[in-house]
Amino acid sequence: MGRAGLTTERVVRAGAELADEVGFEQVTVSEVARRFDVKVASLYSHVRNSQDLKTRIALFALEELADRAADAVAGRAGKDALVAFANAYRDYGREHPGRATAARFPLDPETAAASAGVRHARMTRAILRGYDLAEPEQTHAVRLLGSVFHGYSSLETAGGFSHSAPDSEESWTRVLDALDVLLRNWPATPTP
């Protein structure tokens, strides 16, 4: 494929596909240029460097994942919303391991504030409204859910649960059941 039709969107999408194939850490402008059979310099009108490419892949992954999660939770509430949201994250990590890693790429505060990461937080908070959590407990719960969803998905994708019974699907169901119980019985805010 030659230079014709090369766009920033195509470059970023190729980087995202490459991340799923070889790992997000391995993505460079040089590797993406090889995909298009062009010189690295041809990509510099679309991305500044590998750091910029990775940032754009992260933004792409956050947007893609937010869209998927929004579709999953539409019309749901309570535990149904929690499970749909969690499954959207897990499924995305299974289907797109490199992009899931990219979604956790550190962004500068301004870029993060303008990213779909804000949508992720809003969706999580909307789910938590069904559990009647007020601040600051809601923020603690958002962090807990993000840690569990990303952590479980990362460990599962790396084969961390494949060595013993029960299978990871059964554990995942139990984890979500436990999260629901925890959120319905969230500990009271400790008094100083």
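Note that these values count all heavy atoms, side chains included, but never hydrogens, waters or copies made by symmetry. Here the structure is a predicted model, which means the values were calculated and not measured.
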Within a reach of under 6.0 Å around [atom1] of [X], are more than 12 heavy atoms found that belong to other residues, nucleotides or ligands?
| X | atom1 | answer |
| --- | --- | --- |
| E95 | CD | yes |
| E110 | CD | no |
| R48 | CZ | no |
| D132 | CG | no |

Are side-chain heavy atoms of [X] and [Y] found at a separation under 4.5 Å?
| X | Y | value |
| --- | --- | --- |
| P97 | D20 | yes |
| V40 | V32 | no |
| E17 | R35 | yes |
| P187 | L182 | yes |
| S168 | S162 | no |
| L179 | L144 | yes |
| L82 | L145 | yes |

*side-chain hydrogen bond (donor to acceptor under 3.5 Å, both in side chains) with N87: which residues, sequence neighbours excluded?*
W172
With rounding to the nearest 0.5 angstrom, report the [atom1] to [atom2] distance, [X] to [Y].
| X | Y | atom1 | atom2 | value |
| --- | --- | --- | --- | --- |
| K54 | N49 | NZ | CG | 10.5 Å |
| S45 | L6 | OG | CG | 7.0 Å |
| D167 | E156 | CG | CD | 9.0 Å |
| E64 | I57 | CD | CD1 | 11.5 Å |
| L43 | S30 | CG | OG | 9.0 Å |
| I127 | L133 | CD1 | CG | 12.0 Å |

Donor-acceptor contact present, side-chain [X] to main-chain [Y], <3.5 Å:
| X | Y | value |
| --- | --- | --- |
| R99 | A19 | no |
| S115 | A112 | yes |
| S42 | V38 | no |

Group every Ile, Leu, Val, Met, Phe, Trp and Tyr by side-chain heavy-atom contacts under 4.5 Å, then state whether [X] and [Y] land in the same group.
| X | Y | result |
| --- | --- | --- |
| V11 | L62 | yes |
| V142 | L65 | yes |
| M123 | V118 | no |

For [X] versus [Y], what's the shortest heavy-atom pair and its separation?
| X | Y | result |
| --- | --- | --- |
| Y152 | R90 | CE2-NE, 4.2 Å |
| W186 | H140 | CZ2-CB, 3.9 Å |
| Q138 | L128 | O-CD1, 3.7 Å |
| L107 | A58 | CD2-CB, 4.2 Å |
| E31 | Q26 | CG-O, 4.1 Å |
| R68 | A88 | CD-O, 4.0 Å |

_Which residues share a side chain to side chain contact (heavy atoms under 4.5 Å, CB included) with R76, sequence neighbours left out_ = D80, A81, A84
_What I want to check is whether the side chains of D108 and T111 have a donor and an acceptor closer together than 3.5 Å._
yes
*Donor-acceptor pair between Y131 and D180 side chains, under 3.5 angstrom*: yes
*asked:* Whether R125 and E135 form a salt bridge (side-chain N of Lys/Arg under 4.0 Å from carboxylate O of Asp/Glu) is what I want to check.
replied: yes
*salt bridge (charged side-chain N to carboxylate O under 4.0 Å, His left out) between D177 and K79, worked out*: CA-CA 8 Å; D177 289 343; K79 184 179 180 186; 2.5 Å; yes
*What's the verdict on salt bridge (charged side-chain N to carboxylate O under 4.0 Å, His left out) for R13 and E63, showing C-alpha distance, side-chain angles and the deciding distance?*
CA-CA 12 Å; R13 185 170 290 280; E63 189 72 36; over 6 Å; no
*asked:* Over 60° means perpendicular and under 30° means parallel, so tell me whether Y89 and F149 are parallel, tilted or perpendicular.
replied: tilted
*Sequence neighbours excluded - ring pair (Phe, Tyr, Trp, His ring centres under 6.0 Å) pairs with any residue from residues 94-119*: F24-F105, Y92-H96
